[in-house]
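Only heavy atoms go into these numbers, but all of them, side chains included; no hydrogens, no water, no symmetry mates.
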Amino acid sequence: MGKEYKTTEAQRRAIENYQEKVDRVNCRFPKGTKERIKKAGYTCNAFIIDAVMEKLEKIENRFK
């Protein structure tokens, strides 16, 4: 008898495909940072992505 999953095979394949397209990075911030980000009107993920991409563009533009 095979293992029973809560997700379908198609869902598992979709998750695997998505995970191949992104990099995952764990960060730790001082306590209270999450609330500050939320008060600014962002989700934590959106804020971090915006901040990192902005910084990378500045750094990369220096070398052009």
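- With sequence neighbours left out, the side-chain contact (heavy atoms from CB on, under 4.5 Å) criterion links Ile15 to Gln19.
- Residues passing the side-chain contact (heavy atoms from CB on, under 4.5 Å) test with Tyr5, sequence neighbours excluded: Lys3, Thr7, Arg12.
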Please tabulate, one pair per line, all N/O donor-acceptor pairs under 3.5 Å involving side-chain atoms of residues 20-47, not counting sequence neighbours.
from	atom 1	to	atom 2	distance (Å)
Thr33	OG1	Pro30	O	2.7
Thr43	OG1	Ala46	N	3.1

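- Among the candidates Leu56, Asp50, Ile49, the single residue satisfying the side chain to side chain contact (heavy atoms under 4.5 Å, CB included) test with Val52 is Leu56.
- Annotation: the span from Arg13 atom CZ to Glu16 atom CD amounts to 9.0 Å, rounded to 0.5 Å.
- Atom CD of Glu60 sits about 7.5 Å away from atom CE of Met53, to the nearest 0.5 Å.
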